[in-house]
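In what follows, a single structure is set out as structure tokens and then discussed.
The figures here come from the full heavy-atom set of this structure, side chains too, leaving out hydrogens, waters and symmetry mates.
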Amino acid sequence: MQIQGYEFNISAGRLEETLGGYLLSGKTVQIGHPFGRTLFFKHGWQSWSEAGWVSLKESPQPIQPPERRPQCDDPAYALSPVHGGSGLGGLEGHDGRMLFLGALRPGARIEADRLYLKGICDHETQWFLAYGEQQEVLTRYAELLANTLGVRGQQPAPRVWCSWYSYYSDISESKMLETIAGLQGLPFEVFQLDDGWQQNMGDWEPNHKFPSGMSTIALRAQSQGLTPGLWLAPFIARPSSSLFKEHPDWFLRDEQGELVSAGSNWGGYYALDVTLPAVQSWLQSLIQKVRGWGYRYLKLDFLFAAALPGKRHANESREEAYREALRLIREAAGDDVYILACGAPILASLGLVDGLRIGPDVAPYWDNEDRRVYLHDPTGPSAYNALRTSLHRLWLKPLVHTDPDVAYFRTRYNLLTPAQRAALQDLALVAGFKATSDPPEWLDGEEREQLREWLEATPSILQTGPYTFKIGGREVDFSSWLEI
């Protein structure tokens, strides 16, 4: 059929016209296109997975080393010889517009080559097909997803101080109490403890560095008008954890009965089978316990683990299993708890979480070239990786708070130039999510004032192009930052 002056050969179970495009149905749909080896809009599976335009003239390269693949992108397609992405994708037409295909339910894959744009799913689903300007097509797609998956996070996102990008796991009760005191006078709304408080991955009790228990930090934050926040990775555990030793039968295994590796951090870790009733009860008890400590902001990390390939107790698809586990967590937390999902399958998280990390971790340096170029891994911590993928996920803003990760104001322990720091600060403004990890004692007077002004600022935001914005009265163009 002809769309916008181009001839497309469409194969689908059913096709009907809708506002801005067409609705297709079927497990598999295929669109023959005339664009050859053009650019493909790749949308990675989870928060850290690459999103952006890639060339069909170059074959995809598998991420190295293999043990990192489960936590970088969907490992089911790690060795795919064709370009693909999760849930949605598109091709650049000869006129610069986009041939777009997106599933309206989680669990689908989009693949592209010089002849076809394909949608593949293990169950019947609807697909949105359109040809048009990138922003217009993605806006319409988001409207359709709102109807099928739901919307959360429509109030302004909270302003967050997070411990990770300064202290990393070197946190303690005394250090965190000092930090809370130092934040007085800065208009933060959340004080969030990150990794380093727990006994082990899977053993979610305070370690020896928090001798008074986790309620002490929560109460101190509350006394200063801050919402207490806590980091958890509820779907994973290390083999050294008591959880794993006591319940080895709770963990995901492959068809041969071997444990499924979920990644290489902390020397390696495994994924819970979240379809087991005992695991579901444990998850809800964990969230209720943390809520009882006083935490009303939860950063839930490494969530992709619940949707890894494996043999599950219940006969559910990977992303259905993940979404049900997330629903149980939401139920246990209650609607008054803010949930920020990180390392999370994107489409399968919509409607259940308030905030969603939309890129890899930032870092106080611009590029991670060795890993990005030579290991073919664009998911490593760096300002460039975070900015690039986050810019290509801003279309999610009508559905969820989009978190591009923290901005930096400090010059201490920081290799970013002033212009690079400003780019991350502006990215946070256009994404609508402000967070930093700069300890107050690391800031000089000028840096602290810049941070305060940024936190208080509420400029109007107008997107004028794929990478251009008006922030208040300023014209901001991110396209130059995308060029390495």
Side-chain angles (χ1 to χ4, degrees), residues 44-49 62-63 65-80 86-87 106-109 121-123 195 198 200-204 232-287 300-330 332 341-349 352-353 379:
W45 183 44
Q46 47 108 332
S47 300
W48 311 321
S49 306
I63 290 171
E67 55 265 27
R68 284 202 53 79
R69 290 172 187 162
Q71 66 188 69
C72 295
D73 209 334
D74 192 339
Y77 305 102
L79 302 178
S80 175
S86 178
R109 177 170 169 83
C121 194
D122 59 6
H123 55 269
D195 184 12
Q198 73 282 1
N200 204 342
M201 302 303 299
D203 299 338
W204 303 105
L232 293 163
F235 297 153
I236 65 173
R238 295 174 66 196
S240 60
S241 67
S242 296
L243 181 72
F244 181 83
K245 291 175 181 177
E246 294 170 8
H247 302 286
D249 55 323
W250 283 9
F251 289 81
L252 193 63
R253 296 176 183 267
D254 61 21
E255 292 294 333
Q256 289 71 45
E258 298 296 325
L259 287 161
V260 172
S261 172
S264 59
N265 288 25
W266 310 285
Y269 55 95
Y270 297 119
L272 287 161
D273 178 355
V274 297
T275 68
L276 283 164
V279 171
Q280 294 175 345
S281 295
W282 178 85
L283 286 169
Q284 290 201 298
S285 295
L286 170 63
I287 300 303
L300 304 183
D301 211 348
F302 293 82
L303 295 184
F304 66 87
L308 288 171
K311 189 174 181 181
R312 290 172 168 77
H313 167 76
N315 185 26
E316 297 178 355
S317 71
R318 296 190 285 142
E319 296 200 13
E320 285 174 345
Y322 165 79
R323 191 165 171 83
E324 174 60 13
L326 202 56
R327 187 194 66 77
L328 292 171
I329 285 176
R330 166 54 71 191
C342 189
I346 300 296
L347 294 193
S349 300
L352 293 171
V353 301
T379 72

Donor-acceptor pair between Asn265 and Gln71 side chains, under 3.5 angstrom:
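Side-chain D/A pair, Asn265 to Gln71: present.
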
Would you say Asn200 and Ser242 are linked by a side-chain donor-acceptor pair, where the criterion is simply a distance under 3.5 Å?
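No donor-acceptor contact under 3.5 Å links the two side chains.
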
What are the two closest heavy atoms between [X] and [Y], and how far apart are they?
| X | Y | answer |
| --- | --- | --- |
| Gly107 | Cys121 | O-SG, 3.8 Å |
| Val353 | Ala341 | CG1-CB, 3.8 Å |
| Pro66 | Pro70 | O-CD, 3.8 Å |
| Ala307 | Pro345 | CB-CG, 4.3 Å |
| Thr379 | Ser49 | CG2-CA, 4.1 Å |
| Phe235 | Ala306 | CD1-CB, 3.4 Å |

Would you mind checking if Glu320 and Arg323 are paired as a salt bridge, meaning a charged N to carboxylate O distance below 4.0 Å?
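No, no charged N to carboxylate O under 4.0 Å.
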
Closer than 4.0 angstrom, basic N to acidic O: yes or no for Arg253 and Asp273?
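The answer is no: the pair does not qualify as a salt bridge.
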
Nearest 0.5 angstrom please: [X] [atom1] to [Y] [atom2], how far?
| X | Y | atom1 | atom2 | answer |
| --- | --- | --- | --- | --- |
| Ser264 | Arg68 | OG | CZ | 4.5 Å |
| Asp301 | Leu232 | CG | CG | 9.5 Å |
| Ser47 | Leu303 | OG | CG | 7.5 Å |
| Leu328 | Gln284 | CG | CD | 4.5 Å |
| Glu319 | Leu326 | CD | CG | 11.5 Å |
| Leu252 | Leu259 | CG | CG | 8.5 Å |

Considering only heavy atoms from C-beta outward, does the side chain of [X] approach that of [Y] to under 4.5 Å?
| X | Y | answer |
| --- | --- | --- |
| Ser240 | Met201 | no |
| Trp48 | Phe304 | yes |
| Pro309 | Val260 | no |
| Ile287 | Trp282 | no |
| His313 | Pro277 | yes |
| Phe244 | Leu272 | no |

Establish, yes or no, whether the cationic atom of Arg69 lies under 6.0 Å from the six-membered ring centre of Trp45 and within 45° of the ring axis.
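Checked: cation-pi criterion not met.
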
Under the rule for side chain to side chain contact (heavy atoms under 4.5 Å, CB included), what residues qualify as partners of Ala237, not counting sequence neighbours?
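Side chain to side chain contact (heavy atoms under 4.5 Å, CB included) list for Ala237, sorted by chain: Ser241, Leu243, Phe251.
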
Can you sort out the partners of Ala321 under side chain to side chain contact (heavy atoms under 4.5 Å, CB included), two or more places apart, ordered by chain and number?
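Counting only residues at least two positions away or on another chain, Ala321 forms a side chain to side chain contact (heavy atoms under 4.5 Å, CB included) with Val274, Thr275, Arg312, Glu316.
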
Pair Ile329-Leu300, side chain to side chain contact (heavy atoms under 4.5 Å, CB included): steps then yes or no
CA-CA 10 Å; Ile329 285 176; Leu300 304 183; 3.8 Å; yes

Can you list the steps and then say if Asp74 with Arg318 is a salt bridge (Lys or Arg N to Asp or Glu O under 4.0 Å)?
CA-CA 11 Å; Asp74 192 339; Arg318 296 190 285 142; 2.9 Å; yes

Quick one: are the ring centres of Tyr269 and Phe302 less than 6.0 Å apart?
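Close enough - the centres of the two rings lie under 6.0 Å apart.
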
Strictly under 6.0 Å, is that where the ring centroids of Trp250 and Tyr270 end up?
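Ring-ring flag for Trp250/Tyr270: false, centres at least 6.0 Å apart.
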
Check the pair Ser349, Tyr322 against side chain to side chain donor-acceptor pair (under 3.5 Å), reporting the backbone distance first and the verdict last.
CA-CA 8 Å; Ser349 300; Tyr322 165 79; 2.7 Å; yes

Can any side-chain N or O of Arg327 pair as donor or acceptor with the backbone N or O of Leu352 at less than 3.5 Å?
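No: the side chain of Arg327 does not pair with the backbone of Leu352.
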
